[in-house]
Number of protein chains: 2
Amino acid sequence: MMGVAVRGREILAVAEQLFADRGFDGVSMQQIAEGAEVSKANIYHHFQSKEALYLAVLKHAFEDMKVLLNDLQQGDELSVDQLARFSAEHLRDLHAKSTVTRLILRELLDGDGSRGRLLAEQVFAEYFELLRNLLVQCQSRGEVRQDVDVDHMAAALVGLNVFLFQAWPAMKHLPDAAFDDQQTSGAKMFALLYRGLLPAGEEAAHA
Amino acid sequence: MMGVAVRGREILAVAEQLFADRGFDGVSMQQIAEGAEVSKANIYHHFQSKEALYLAVLKHAFEDMKVLLNDLQQGDELSVDQLARFSAEHLRDLHAKSTVTRLILRELLDGDGSRGRLLAEQVFAEYFELLRNLLVQCQSRGEVRQDVDVDHMAAALVGLNVFLFQAWPAMKHLPDAAFDDQQTSGAKMFALLYRGLLPAGEEAAHA
DNA sequence: GTCTATAATGAGATAGAC
DNA sequence: GTCTATCTCATTATAGAC
């Protein structure tokens, strides 16, 4: 994955497009080879198997976000700013790579569950770990509550954005609703998650 | 929708199954007629058009939740309990009607956007309005913060559950993650949304 | 007509030359 | 790194017997 050279990138790009259009089974190695203008055997030089190529396509989509998460953790911003930036960039990224985002979401809907495990272990795990680290750091500074595990915090952060990405085509048409644009709505929902539904100072009354 | 009689229900049930399996275009009225053991003309007696039948199938999935929302608003529970109950029931409902849930999510992914408007106006609008009313009531009692619009609150409540429903097949396989079962995770994420990421009492410092 | 044996196809994957 | 040629295997025709 690291040393994937010039032709490797070309193959990856073609495969991404084809997989996104027709799904894993809908694409043959021959078609990818023709699209990338290489031989089928050459693809196998770069990628162990069709499945490995597929996973590489999915993993590729998370590279930018991994870099961002590392940067955020190195920096010394307030937790709220780190998390807000992550949330905003994450939403932007979902759209920048919308073909792959759709591919993954469709995979989750169709899959028989065995694909789910593969996605989790081979694609999401590393990314999820980075997000978890960031949240642990925020907790250790005392800027994020410590009585909730970071796993659910991470899921909520990602989940709100994914929902926004997916449901927007319908949300934006809801009558009388205050949804202007996705970035703004994303920011509002992040703020909601950060500060809670509960009014400030009411914590003790319900805890 | 109200006066849909015996045969209407049967048609609805068959149509739901077929649409969920093969999508709108993948099913003919003839096939639905055969499945429900009625004539094609009889379907048109109950439903104006194929599209009307389709929308009826989708709307049908929200009936239970509408009843629950009305009940919650009539009752006199604390807001936190009303919302927690809605959230838990909503997640349960997504699973109880998982075929339709998947159908809608796939629709949102595939759609060219024109379907999105239809879904919003014909299917979600009424349901969304009820949820909004509940939240307004919670706000007016002062038990839910008033500086965030109810639209985004409603979206966040629904969104976390939808994400959980969809991503679970992968989430449950994330290594070292504390996701036990969906209902429990749903409750944890609701609690997070309700109380916020921010530790109690820190509001003033960042507001 | 139906059944079964046999080709023919097209998929993923490998070997070995250049 | 790239190619041609080949292998294995599953699916899909298609014979030709019954």
Side-chain angles (χ1 to χ4, degrees), chain A residues 1-67 70 96-128, chain B residues 17-35 37 98-99 102-103 105-107 109-110 166-175:
Chain A
M1 239 61 53
M2 287 294 281
V4 172
V6 194
R7 277 292 163 76
R9 263 191 260 280
E10 178 64 18
I11 293 168
L12 213 53
V14 170
E16 175 180 322
Q17 189 58 53
L18 290 176
F19 281 139
D21 287 349
R22 308 179 216 169
F24 183 80
D25 292 327
V27 180
S28 74
M29 291 298 259
Q30 186 58 44
Q31 292 171 317
I32 297 169
E34 285 164 10
E37 295 178 312
V38 296
S39 73
K40 209 167 55 163
N42 187 260
I43 299 182
Y44 282 96
H45 172 73
H46 289 288
F47 304 94
Q48 269 204 331
S49 65
K50 184 180 181 183
E51 192 164 76
L53 170 58
Y54 187 62
L55 288 176
V57 165
L58 299 184
K59 278 186 183 179
H60 176 70
F62 286 81
E63 290 309 315
D64 292 347
M65 279 290 101
K66 285 187 198 164
V67 172
N70 268 317
K97 292 148 182 162
S98 65
T99 54
V100 183
T101 305
R102 279 170 211 278
L103 182 60
I104 291 176
L105 288 175
R106 216 172 276 131
E107 184 100 350
L108 287 170
L109 277 178
D110 296 342
D112 53 351
S114 68
R115 268 281 206 285
R117 181 178 207 122
L118 209 67
L119 280 173
E121 294 173 353
Q122 302 297 315
V123 182
F124 301 144
E126 198 182 336
Y127 170 75
F128 190 71
Chain B
Q17 189 59 52
L18 291 176
F19 282 138
D21 288 348
R22 307 177 219 170
F24 183 80
D25 292 328
V27 179
S28 70
M29 290 296 260
Q30 186 57 45
Q31 292 171 318
I32 297 170
E34 285 165 10
E37 296 177 312
S98 64
T99 53
R102 279 169 210 278
L103 183 61
L105 289 176
R106 215 171 275 133
E107 183 99 350
L109 277 179
D110 297 342
Q166 189 166 9
W168 188 257
M171 282 175 69
K172 71 174 174 196
H173 287 119
L174 279 172

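Basis for what follows: all heavy atoms, side chains included, without hydrogens, waters or symmetry-related copies. In what follows, every chain begins at residue 1, and chains take the letters A, B, ... in the order their sequences are listed.
Residues satisfying the side-chain contact (heavy atoms from CB on, under 4.5 Å) test with A/L118, not counting sequence neighbours, are A/E51, A/L55, A/Q122.
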Please table the atom pairs, donor to acceptor, closer than 3.5 Å between any side-chain atom in residues 167-175 of chain B and protein atoms at least two apart or in another chain.
from: B/H173; atom 1: ND1; to: B/P169; atom 2: O; distance (Å): 3.2

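Using cut-offs of 30° and 60° on the angle between ring planes, the pair A/F24 and A/F19 is parallel.
The side chain of A/H46 contributes an N or O atom lying less than 4.0 Å from OP1 or OP2 of D/dT2.
In this structure, A/F47 atom CZ and D/dG1 atom P are separated by 12 Å, rounded to whole Å. To the nearest angstrom, C1' of C/dC18 lies 14 Å from CG of A/N42.
In this structure, the side chain of A/R102 engages the main chain of B/L109 through a donor-acceptor pair within 3.5 Å.
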Determine whether A/I32 and A/V38 satisfy the following criterion, side chain to side chain contact (heavy atoms under 4.5 Å, CB included), listing intermediate values before the conclusion. CA-CA 9 Å; A/I32 297 169; A/V38 296; over 6 Å; no
Could you list the protein-to-nucleotides 10-15 of chain C atom pairs, N/O on both sides, closer than 3.5 Å?
from: C/dG12; atom 1: OP1; to: A/K50; atom 2: NZ; distance (Å): 2.7
from: C/dG12; atom 1: OP2; to: A/M29; atom 2: N; distance (Å): 2.8
from: C/dG12; atom 1: N7; to: A/K40; atom 2: NZ; distance (Å): 3.1
from: C/dA13; atom 1: OP2; to: A/Y44; atom 2: OH; distance (Å): 2.8
from: C/dA13; atom 1: OP2; to: A/K50; atom 2: N; distance (Å): 2.7
from: C/dA13; atom 1: N6; to: A/K40; atom 2: NZ; distance (Å): 3.4

